[in-house]
**Q** 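Before anything else, here's the structure in question.
The sequence lines fix the lettering, A, B, ..., with proteins before strands; numbering per chain opens at 1.
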Amino acid sequence: MSTERTACGAPRAADAGSEVTVFGWVDRRRDHGNLIFLDLRDHSGILQVVISPQTAPAAHAAAHGVRLEYVLRVRGKLQPRTAQNVNTRIDTGEVELHAEECTVLSVAATPPFPVNEETDVEEGLRLRHRYLDLRRPRLQRNLRRRATFIAKLRTVMTEMGFTEIETPMMIRATPEGARDYLVPSRLQHGSFYALPQSPQLYKQLCMVAGLDRYFQVARCMRDEDLRADRQPEFTQLDIEMSFVDEEDVFAVLERAISTAWTASGFRGAITTPFPRLTWHEAMDRYGVDKPDVRFAMELCDLTETVRGCGFRVFNDAVSSGGVVKGITVTGGADLTRSDIEGRLTDVVRTFKARGLAYLWRRETGWVGGIAKFFSAAELEAIGEATGASVGDAVLMVADRPSVVAAALGALRNHVARERSLAEPDEMAMVWVTEFPMFERDEETGEVTPLHHPFTMVHSEDVDLLESEPLSIRSRAYDIVLNGREIGSGSIRITDPAIQRRVFAAMGIDEDAAQRKFGFLLEAFQYGVPPHGGFAAGVERLVMEGLGEANIRDVIAFPKNQQAQEPMTGAPAMVEEEQLRDLGLSLSLRPVAPAPPRAVPPE
RNA sequence: GGCCCCGUGGUGUAGCCUGGUUUAACACGCCACCCUGUCAAGGUGGAGAUCGUCGGUUCAAAUCCGAUCGGGGUCGCCA
């Protein structure tokens, strides 16, 4: 299009009198029979076009047949609006375009859902017509802000001396961690590439290579079930640095995120440095390893307070090695018995707690079904320990420590949401440090690494590797924002002796280690700098920054909960010939093959 | 795999609990006509859903029950 183009959102009062040509979609039309008003929309905004049958009969005739979402070219003169006709709701509201020529570039069928307003539409329909959903202002804004954020991250990282390096997308499968997406090899039948869950090993090899400071805006793929903040493919700001300890990594992340945050116009303010919290502290005080610290309502340990009390549930839990903890709901006197025994108990049951005990503190004293099991002194002590005042409620769980923590941690978040305890625009970043090195798999009983097997052991705990692996702290750390895990990283093991002992603790013998990670161990023999890094989830940051509750709303073409992409119908079956080329044959008939819609052949 | 929520014209909702005056209502959109200043334009008229699907209960089902499909949330899972 050789014509000079003026963006719809550009014209201002000062542009009145100029001759312009605009292109865009019809956002609204108001046809008065003679005079026709069209709101023309493009990426930049909306401009009112006026078409009069007297001054532009041909344009008027054309405009009469125009419908919503038609694509138009309009040439004319920008005119100022009279004072009473100014529209303050749009940026171009002080002017309007008096059409001289109006050309329909493309007609449009009636859209399956409104494009010109922000009504909620069923998500399946939105995904199926994603190009229309993306045409709407909210997603336009989200994608632009996301782009700004990423661009700024790149700038800051580069300024800090990092080199962006692209690592391969077709890599060797790693048995650890998330399920891999596999790509069959045509040249080596029976062999498969995997799509990267993260560039972890490559970035460490970059350190061996002496690249010193690596970063990448990396696409990652994990074949796991989806959540509101989890997609099978997502983007990480991936970082690795040589000759550093935790504080160096923290400083880089704090600067990168806070700078890009501000530059992208994200909500709230990010203040640095981010507060630090050890994993143990987080679990004790919040019950979760990703605490939302915008509100208090911290967990309070009542184990000793209730030891030997007359309430059997508590007593049994304590005497069998369990714990009793509670949270104090300020003003919780308004919680009814059915609130607590209904939906609040459902919350803790999800996390395997058998029930939720509760006490109200009223003017008249402690009330609640279990109050009668406690002596006055015990109730006094509970009040002391929980800090509950008159008008508050105390909600308690007794069980194994892990169950109590998970149940009350979830309950704390639930109650906070119900009662709007968090300031919506507060951005509470926190580093959670000193994660345990290992955990015991509840099902298999095996010791498995919490982070990955190259995470360095806390120097004070090295001697416990053989005797007490489960109590070892690692040098792994997470960033948590408003109760959401934003990313994680660690200082890595570069000492072969320690690496061997860590593998041993995990039950990986020398052979297995060589088989799985031999290339990395070999590389480390040639002079490896001490190094560490981090990976931050870009979508999760953008979600928080934009106040979006769902990751799909910050991704252009996301997958649904079944990991399908309803617009193109991926995944789909392939031709027999493609399988033959790859040396594959299917042993199972796919159960539900039909994609919602086939890709139209071009 | 478990649990929870949702499924009514093109879109968003009401009706469902307490089955029957509903020929299934409302708003937006759509179609036609009228209309010189609107900007969520206005007016008049019109088309459009047998209530996701299947089965059951009942004289009677959008409404009650069961199953199933689809969408979402969540637990498990995500080194």
**Q** May I ask you to verify whether the side chain of A:Asp225 and the base of B:G76 hold a donor-acceptor pair under 3.5 Å?
**A** yes
**Q** Whole angstrom is fine here: how far is it from CD in A:Gln84 over to P in B:C39?
**A** 13 Å
**Q** Which whole-number value in Å describes the distance from A:Met221 CE to B:C77 P?
**A**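 After rounding, the gap between these two atoms is 24 Å.
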**Q** What's A:His98 touching, base or sugar-phosphate or nothing? Going by heavy atoms closer than 4.0 Å.
**A** base
**Q** Tell me whether the side-chain N or O atoms of A:Arg343 pair up with the base of B:C4 as donor and acceptor below 3.5 Å, since no angle test is needed here.
**A**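 No pair found.
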**Q** Can you list, by residue number, the residues of residues 404-411 of chain A that have a non-hydrogen atom closer than 4.0 angstrom to RNA chain B?
**A** none
**Q** Side-chain N or O of A:Arg67 versus OP1/OP2 of B:C31: is the shortest distance under 4.0 Å?
**A** yes
**Q** Taking donor-acceptor contacts at under 3.5 Å, does the side chain of A:Arg552 reach the base of B:G72?
**A** no
**Q** Looking only at side-chain atoms of A:Arg89, point me to the closest of B:A40, B:C39, B:C78.
**A** B:A40
**Q** With a 3.5 Å distance limit and no angle check, can you tell me whether A:Arg412 reaches the backbone of A:Gly287 through a side-chain donor-acceptor pair?
**A**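 No.
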**Q** Using atom CD1 of A:Ile51 as one end and atom C1' of B:C39 as the other, report the distance to the nearest whole Å.
**A**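 Atom CD1 in A:Ile51 sits about 14 Å away from atom C1' in B:C39.
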**Q** Looking at the side chain of A:His32, which of B:G72, B:C35, B:C28 is the nearest nucleotide?
**A** B:C35
**Q** Between B:G15 and B:U8, how far is it from one C1' atom to the other, in whole Å?
**A**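 Comparing C1' positions in B:G15 and B:U8 gives a spacing of 9 Å.
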**Q** Where along residues 470-489 of chain A does a heavy atom come under 4.0 Å from RNA chain B, residue by residue in number order?
**A** none
**Q** Scan A:Ile90 against the nucleic acid and name what it touches under 4.0 Å (heavy atoms): base, sugar-phosphate only, or nothing.
**A** nothing
**Q** Are any of A:Asn87's side-chain N or O atoms less than 4.0 Å away from OP1 or OP2 of B:C39?
**A**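 Answer is no, no contact under 4.0 Å.
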**Q** Is there a Watson-Crick or G-U wobble partner for B:G42 with both distances under 3.5 Å, and if so, which one is it?
**A** B:C34
**Q** Taking the side chain as everything from C-beta on, heavy atoms only, tell me whether A:Gln197 gets closer than 4.5 Å to A:Met221.
**A**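 No - every pair of side-chain heavy atoms lies 4.5 Å or more apart.
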**Q** Within a 6.0 Å radius of atom CZ on A:Arg172, are there more than 12 heavy atoms belonging to other residues, nucleotides or ligands?
**A**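 No, the 6.0 Å shell around CZ holds no more than 12 heavy atoms from other groups.
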**Q** Do A:Asp180 and A:Leu195 touch side chain to side chain, with heavy atoms closer than 4.5 Å?
**A**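 When only atoms from C-beta onward are counted, A:Leu195 and A:Asp180 do not touch, as no gap falls below 4.5 Å.
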**Q** Using only atom types and a distance under 3.5 Å, with no angle test, would you say the side chain of A:Asp478 pairs donor to acceptor with the backbone of A:Val480?
**A** no
**Q** Hey, does the side chain of A:Asn116 come within less than 4.0 Å of B:C28's phosphate (OP1/OP2), counting only N and O?
**A**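 It does not, given that no N or O in the side chain of A:Asn116 lies less than 4.0 Å from OP1 or OP2 of B:C28.
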**Q** Scan every strand shown for a Watson-Crick or G-U wobble partner of B:G29, both distances under 3.5 Å, and answer none if you come up empty.
**A** none
**Q** So, A:Phe517 versus A:Phe503, ring centres under 6.0 angstrom or not?
**A** yes
**Q** Considering heavy-atom distances to RNA chain B, does A:Asn550 or A:Ala178 have its closest nucleotide positioned more toward the 5' end?
**A**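 Result: A:Asn550.
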**Q** What's A:Asn560 touching, base or sugar-phosphate or nothing? Going by heavy atoms closer than 4.0 Å.
**A**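 Sugar-phosphate contact only - A:Asn560 comes under 4.0 Å of backbone atoms but never of a base.
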**Q** Among the candidates B:C75, B:U38, B:U36, find the nucleotide nearest to the side-chain atoms of A:Glu96.
**A** B:U38
**Q** Give the nucleotide from the list B:C78, B:C30, B:C31 with an atom nearest to the side chain of A:Arg230.
**A** B:C78
**Q** Out of B:G71, B:G73, B:C28, which has the shortest distance to the side chain of A:Gln561?
**A** B:G73
**Q** Under 3.5 Å, is there a donor on one side chain and an acceptor on the other for A:Glu434 and A:His280?
**A** no
**Q** Say we look at B:C59 and B:C75: how far apart would their C1' atoms be, to the nearest angstrom?
**A** 46 Å
**Q** What pair of heavy atoms forms the shortest contact from A:Leu38 to A:Ala63, and how long is it?
**A**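 Minimum heavy-atom contact is CD1-CB, 4.3 Å.
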**Q** For A:Tyr181, look at atom OH and say whether over 12 heavy atoms of other residues, nucleotides or ligands are found less than 6.0 Å away.
**A** yes
**Q** Does a donor on one side chain and an acceptor on the other come within less than 3.5 Å for A:Tyr202 and A:Gln200?
**A** no
**Q** For a quick test of reading the model, state the closest non-hydrogen atom pair linking A:Thr92 to A:Ala10 and the distance between them.
**A**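 In this case the closest contact between A:Thr92 and A:Ala10 is CG2-N, 4.2 Å.
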**Q** For A:Asn142, enumerate each residue passing the side-chain hydrogen bond (donor to acceptor under 3.5 Å, both in side chains) test, keeping only those at least two apart in sequence or located in another chain.
**A**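 Only A:Glu548 meet the side-chain hydrogen bond (donor to acceptor under 3.5 Å, both in side chains) criterion with A:Asn142.
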**Q** Using whole Å, report how far CZ of A:Arg128 lies from P of B:G72.
**A** 14 Å
**Q** Could you give the NE2-to-P distance, from A:His60 to B:U36, as a whole number of Å?
**A**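 Rounded to whole Å, this separation is 10 Å.
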**Q** Please give the nucleotide sitting opposite B:C3 as a Watson-Crick or G-U wobble pair, both distances under 3.5 Å, or none.
**A**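 Base-paired to B:G73.
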**Q** Got a sec: does the CD of A:Glu94 have more than 12 other heavy atoms crowding it under 6.0 Å?
**A**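 At most 12 heavy atoms, drawn from other residues, nucleotides or ligands, come within 6.0 Å of this atom.
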**Q** On the nucleotide B:A41, are OP1 or OP2 found under 4.0 Å from the side-chain N or O atoms that A:Arg30 carries?
**A**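 For B:A41, OP1/OP2 do have a side-chain N/O of A:Arg30 under 4.0 Å.
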**Q** Heavy-atom distance under 4.5 Å between the side chains of A:Leu127 and A:Glu565, does that happen here?
**A**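 No, their side chains stay 4.5 Å or more apart.
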**Q** Give the B/S/- string for nucleotides 7-16 of chain B, one per nucleotide from 5' to 3', where a protein heavy atom under 4.0 Å of the base yields B, of only the sugar-phosphate yields S, and otherwise -.
**A** ---SSS----
**Q** To the nearest Å, give me how far apart CZ (A:Arg179) and C1' (B:G76) are.
**A** 11 Å
**Q** For RNA chain B, find the residues of residues 35-50 of chain A with a heavy-atom distance under 4.0 Å and give them by number; none if there aren't any.
**A**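 When residues 35-50 of chain A is checked for heavy atoms under 4.0 Å from RNA chain B, the hits, listed by number, are A:Leu35, A:Phe37, A:Asp39, A:Gln48.
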**Q** Given atom CG of A:Leu450 and atom P of B:C77, what is their separation to the nearest angstrom?
**A**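 It is 12 Å, rounded to the nearest whole Å.
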**Q** With sugar-phosphate meaning primed atoms plus P, OP1 and OP2, does A:Glu117 contact a base, only sugar-phosphate, or nothing at under 4.0 Å between heavy atoms?
**A** sugar-phosphate
**Q** Whole Å only: how far is the CD atom of A:Gln197 from the P atom of B:C77?
**A**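 Distance, rounded to whole Å: 16 Å.
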**Q** Rounded at 0.5 Å granularity, tell me how far SG in A:Cys206 sits from CD in A:Gln216.
**A** 8.5 Å
**Q** Can you figure out which of B:G1, B:G71, B:G37 approaches the side chain of A:Asn85 most closely?
**A** B:G37
**Q** Would you please name every residue forming a side-chain hydrogen bond (donor to acceptor under 3.5 Å, both in side chains) with A:Arg440, sequence neighbours left out?
**A** none
**Q** Does A:Ser474 use its side chain to pair, donor to acceptor, with the backbone of A:Val457 at less than 3.5 Å?
**A** no
**Q** Contact class for A:Thr350 (heavy atom, under 4.0 Å): base, sugar-phosphate, or nothing?
**A**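 It contacts sugar-phosphate atoms only.
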**Q** So, does A:Arg28 get its side chain near the phosphate of B:A41, meaning an N or O under 4.0 Å from OP1 or OP2?
**A** yes
**Q** Give one of base, sugar-phosphate or nothing for A:Gln562, where a contact means two heavy atoms less than 4.0 Å apart.
**A** sugar-phosphate
